[in-house]
Amino acid sequence: MNEKKLTPKSENYSEWYNQLVQRAEMADYAPVRGCMVVRPYGWSLWENIQAKLDSRFKATGHVNAAFPLFIPMSFLEKEKEHVEGFAPELAVVTIGGGSELEEPLIVRPTSETIIGHMYAKWIQSYRDLPVLINQWGNVVRWEMRTRLFLRTLEFYWQEGHTAHATSEEAEAETRQMLDIYADFARNEAAVPVIPGRKSESEKFAGAVRSYTIEAMMGDKKALQSGTSHNLGQNFAKAFDIQYLDETNTLQYCWTTSWGLSTRFIGAIIMTHGDDQGLVLPPRLAPIQVVIIPIFRKDEEQTRVMEAVKAVQAQLSGFRVKVDDRTEVTPGFKFNQWELRGVPLRLEIGPKDIANDSVALARRDIPGREGKSFVPRQGLAETVADMLEKIQANMLEKATTFRDENIHEPQDYAAFKEIISQDGWCYVWWKPNADNEAKIKEETKATLRCLPLNQTGGKGKCIFSGQETSEKAYFAKAY
RNA sequence: CGGGGUGUAGCGCAGACGGCCAGCGCGCCGCGUUUGGGACGCGGAGGUCGGCGGUUCAAGUCCGCCCACCCCGACCA
């Protein structure tokens with residue numbers, strides 16, 4: 001931890017990740033096993049993620065609310081698959097105020113049940129539909145193995161829960177939210193994702209259909225980065241969420257749920273990070289431009305700091321940080337802000353003042369190539385333009401990397417070979433849970449998704465050889 | 001829960017055969033010189049050696065039990 005350089009990605013990827021998260025002050029280990037403290041820099045990134053998602057939710061008619069952390073144990077038991085799926089990872093509260101509770105409370109692992117309970121109260125008529133509510137909160141799942149951001153006992157997320165009059169409407173909502181996640185991932189986080197449907201064995205406990213956005217990390221492992229579920233009438237029936245339709249007939253609602261968590265921060269780190277540290281997409285970066293003043297003598301300091309103030313004012317439209325510490329050298333600051341992934345570094349020294357210019361260094365292009373000297377005139381436009389270029393370049397680089405590592409083997413032997421080298425396989429697939437399990441056992445690869453934009457046509461299933469019209473992605477995953 | 005490993009200053013570590021004052025690097029604090037790619041000098045602060053018990057004149061050091069964490073497997077956003 002005290003060495004100056006990070007462990008290189010190529011040497012030990014998970015060590016690189018662990019060091020980076022901590023050294024960049026994104027998060028730290030909490031005193032409780034598997035729990036994390038999200039530090040201000042990490043939380044700031046999360047707030048920007050929240051803002052981008054929340055505005056998309058609002059624009060599509062959703063409203064926010066807050067439901068309780070505690071859920072009666074019995075609620076979970078009302079939906080068979082749901083309880084089976086979550087029972088092993090529940091935290092249960094049995095004592096309150098010093099005395100044994102009549103009914104144990106679970107700390108929510110997700111809120112379908114308690115929200116379903118409330119929807120049953122609130123919904124009476126088709127006129128009450130649809131109900132489109134989102135909640136920002138935390139949930140607890142007692143996981144075996146944990147990693148900062150990727151899998152912690154407690155994590156932060158948003159969970160949307162909607163109720164509709166028809167199956168078609170619920171499916172449309174499920175797909176709409178998946179589209180929103182995909183759009184957010186690509187256009188705000190520069191994380192290229194593949195939207196698709198989960199297989200039966202990978203779907204959410206209690207869902208009819210689950211959709212996912214899958215991303216490829218820097219070690220080529222897949223990360224499920226957001227999910228959207230069509231719950232059909234499963235929860236409506238379990239919780240009596242019913243409405244009277246136009247013909248005065250009692251009907252069960254059709255519900256959905258969709259979530260994206262702080263795990264996505266892990267996706268950003270592992271999609272873009274390099275051996276110098278984080279590389280944050282400009283649209284989400286807590287700090288977009290860091291200004292580093294450079295001076296020797298007091299006289300220089302005065303002049304430089306004046307120029308810094310002026311430049312800062314020019315850049316008031318951006319998230320700017322001036323690093324005016326005098327106890328560390330500029331070189332130290334360069335490294336530190338690169339570690340923390342700030343997209344653009346702006347240097348101002350005596351030479352720049354003489355030239356009426358500033359030096360700009362792009363985080364996405366290391367070294368001299370990424371550095372340029374630009375005039376002070378029109379600096380705001382230059383910076384805006386450069387941030388856009390960085391954002392675009394990051395998406396392009398990540399997309400290229402991903403596509404280079406997706407292969408289309410023609411037989412199972414080739415499939416195994418690719419998986420053993422951590423590549424992704426895009427193959428014809430005839431849905432079959434047993435075969436899926438066998439592949440997982442033999443190769444450790446799981447069916448990541450059946451992508452939404454299928455190439456069409458027919459082919460022979462990579463495993464069973466049966467004719468099929470669907471293709472699937474297989475990969476090792478987090 | 002099975003297999004392997006580690007607990008000594010904030011972090012990373014060193015401390016033969018037990019021996020008296022527990023050390024090194026980084027970081028931290030003070031002063032001075034520095035400052036365009038991780039500065040340097042001098043002076044400081046900081047420790048229940050994971051816990052409990054045992055052996056011994058004497059225990060980071062040997063023995064036992066416990067605890068915590070890490071890595072590898074079975075579960076997962």
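No experiment lies behind these values; they were computed from the predicted model shown. Sequence lines set the chain letters: A, B, ... in the order given, protein chains first and strands last, and positions in each chain run from 1.
- Using P as the reference atom, B:A9 and B:G51 are 11 Å apart when rounded to the nearest Å.
- Nucleotides B:C65 and B:C24, compared at atom C1', are 33 Å apart to the nearest Å.
- Between A:Asp179 and A:Arg175 there is no salt bridge, since no side-chain nitrogen of the basic residue lies less than 4.0 Å from a carboxylate oxygen of the acidic one.
- The base of B:G37 is paired with the side chain of A:Glu338 by a donor and an acceptor separated by under 3.5 Å.
- Among the candidates A:Arg197, A:Glu171, A:Glu173, the single residue satisfying the side chain to side chain donor-acceptor pair (under 3.5 Å) test with A:Asn230 is A:Glu171.
- One interatomic measurement links the two molecules: CG of A:Asn18 to P of B:G12, which rounds to 13 Å at whole-angstrom precision.
- Listed by first then second residue, pairs satisfying side chain to side chain donor-acceptor pair (under 3.5 Å) with a partner in residues 259-268 of chain A number zero, not counting sequence neighbours.
- B:G41 and B:C31 make up a base pair, with Watson-Crick or G-U wobble contacts both under 3.5 Å.
- B:C26 shows a glycosidic angle more than 90° from 0 and is accordingly assigned anti.
- Taking atom CE of residue A:Met36 and atom C1' of nucleotide B:C69, one finds them 18 Å apart after rounding to whole Å.
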Dump the intermediate steps for ring-ring contact (aromatic ring centres under 6.0 Å, His included) on A:Trp258 and A:Tyr211, then the final yes or no. CA-CA 9 Å; A:Trp258 26 276; A:Tyr211 296 95; over 10 Å; no
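- The gap from the C1' atom of B:G46 to that of B:C1 amounts to 41 Å, rounded to the nearest Å.
- For the P atoms, the distance from B:G10 to B:C49 is 13 Å, rounded to whole Å.
- B:G44: glycosidic angle beyond 90° from 0, hence anti.
- B:A74: glycosidic angle beyond 90° from 0, hence anti.
- Atom C1' of nucleotide B:A77 and atom CZ of A:Arg108 are separated by 15 Å, given to the nearest angstrom.
- With both pairing distances under 3.5 Å, B:G36 is matched to nothing as a Watson-Crick or G-U wobble pair.
- Following rounding to the nearest Å, A:Leu90 (CG) and B:C75 (P) show an atom-to-atom distance of 17 Å.
- A close approach under 4.0 Å does occur between a side-chain nitrogen or oxygen of A:Arg145 and OP1 or OP2 of B:G73.
- Across all strands shown, nothing is found opposite B:G60 as a Watson-Crick or G-U wobble partner with both distances under 3.5 Å.
- Between the C1' atoms of B:A74 and B:G37, the separation comes to 48 Å (whole Å).
- Picking from B:G37, B:C75, B:A39 the nucleotide with the shortest atom distance to the side chain of A:Asn335 gives B:G37.
- Here B:G37 is the nucleotide among B:G37, B:A77, B:C75 with the atom lying nearest to any side-chain atom of A:Gln276.
- No aromatic stack links A:Trp157 and the base of B:A77, using centre distance under 5.5 Å and interplanar angle under 30°.
- Note on A:Glu202 versus A:Lys440: no salt bridge recorded, every NZ/NE/NH1/NH2 to OD/OE distance being 4.0 Å or above.
- Taking for each of A:Gly259 and A:Tyr29 the nucleotide of RNA chain B with the nearest heavy atom, the 5'-most of the two is the partner of A:Tyr29.
- The residue A:Phe155 sits close to a base: some heavy atom pair falls under 4.0 Å.
- Straight-line distance between the P atoms of B:A58 and B:G18: roughly 15 Å, to the nearest whole Å.
- In this structure, the CG atom of A:Leu223 is 11 Å from the P atom of B:A77, given to the nearest Å.
- Between A:Thr146 and A:Thr152, the residue anchored nearer the 5' end of RNA chain B, judged by the nucleotide with its closest heavy atom, is A:Thr146.
- When both distances must be under 3.5 Å, the Watson-Crick or G-U wobble mate of B:G2 is B:C72.
- Across every strand in view, B:A14 sits unpaired, with no contact that passes the Watson-Crick or G-U test at under 3.5 angstrom.
- Taking atom CG of residue A:Leu148 and atom P of nucleotide B:A77, one finds them 19 Å apart after rounding to whole Å.
- Using a 4.0 Å cut-off between charged nitrogen and carboxylate oxygen, A:Asp434 and A:Lys438 do not count as a salt-bridge pair.
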Just the table, please: protein N/O against nucleotides 34-36 of chain B N/O, every pair under 3.5 Å.
{"unit_1": "B:U35", "atom_1": "OP1", "unit_2": "A:Arg296", "atom_2": "NH1", "d": "3.3"}
{"unit_1": "B:U35", "atom_1": "O2'", "unit_2": "A:Phe295", "atom_2": "O", "d": "3.3"}
{"unit_1": "B:G36", "atom_1": "O6", "unit_2": "A:Gly349", "atom_2": "O", "d": "3.4"}
{"unit_1": "B:G36", "atom_1": "O6", "unit_2": "A:Pro350", "atom_2": "N", "d": "3.1"}
{"unit_1": "B:G36", "atom_1": "O6", "unit_2": "A:Lys351", "atom_2": "N", "d": "2.9"}
{"unit_1": "B:G36", "atom_1": "O6", "unit_2": "A:Asp352", "atom_2": "OD2", "d": "3.2"}
{"unit_1": "B:G36", "atom_1": "N1", "unit_2": "A:Asp352", "atom_2": "OD2", "d": "2.4"}
{"unit_1": "B:G36", "atom_1": "N2", "unit_2": "A:Glu347", "atom_2": "OE1", "d": "3.0"}
{"unit_1": "B:G36", "atom_1": "N2", "unit_2": "A:Asp352", "atom_2": "OD2", "d": "3.2"}

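- Distance CD (A:Gln19) to P (B:G12): 11 Å, rounded to an integer number of Å.
- The pairing partner recorded for B:G7 is B:C67, the criterion being a Watson-Crick or G-U wobble arrangement whose two distances lie under 3.5 angstrom.
- Taking atom C1' in both B:G32 and B:C20, one finds a spacing of 39 Å when rounded to whole Å.
- For the pair A:Tyr478 OH and B:C75 P, the interatomic distance rounds to 19 Å; values are reported in whole Å.
- Shown here, B:U48 forms no base pair; nothing in the strands shown gives a Watson-Crick or G-U wobble contact with both key distances under 3.5 Å.
- Ring planes of A:Phe155 and A:Trp157: perpendicular class, angle over 60° (limits at 30 and 60°).
- Within the 4.0 angstrom heavy-atom criterion, only backbone atoms of the sugar-phosphate kind lie near A:Gln224; the bases stay farther away.
- Partner A:Glu338 forms a salt bridge (Lys or Arg N to Asp or Glu O under 4.0 Å) with one of A:Lys5, A:Arg23, A:Arg345 and no other, that one being A:Arg345.
- Between A:Asp183 and A:Arg56, at least one side-chain nitrogen of the basic residue sits less than 4.0 Å from a carboxylate oxygen of the acidic one, meeting the salt-bridge criterion.
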Please report the C-alpha distance between A:Asp274 and A:Arg363 in whole Å, then the side-chain angles of each, then the deciding distance to 0.1 Å, and finally whether the salt bridge (Lys or Arg N to Asp or Glu O under 4.0 Å) criterion is met. CA-CA 10 Å; A:Asp274 63 20; A:Arg363 180 63 182 87; 2.7 Å; yes
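- Taking the P atom of each, B:G54 and B:A59 are spaced 12 Å apart, rounded to whole Å.
- Nucleic acid contact for A:Arg368: none, since no nucleic acid atom lies under 4.0 Å from a heavy atom of the residue.
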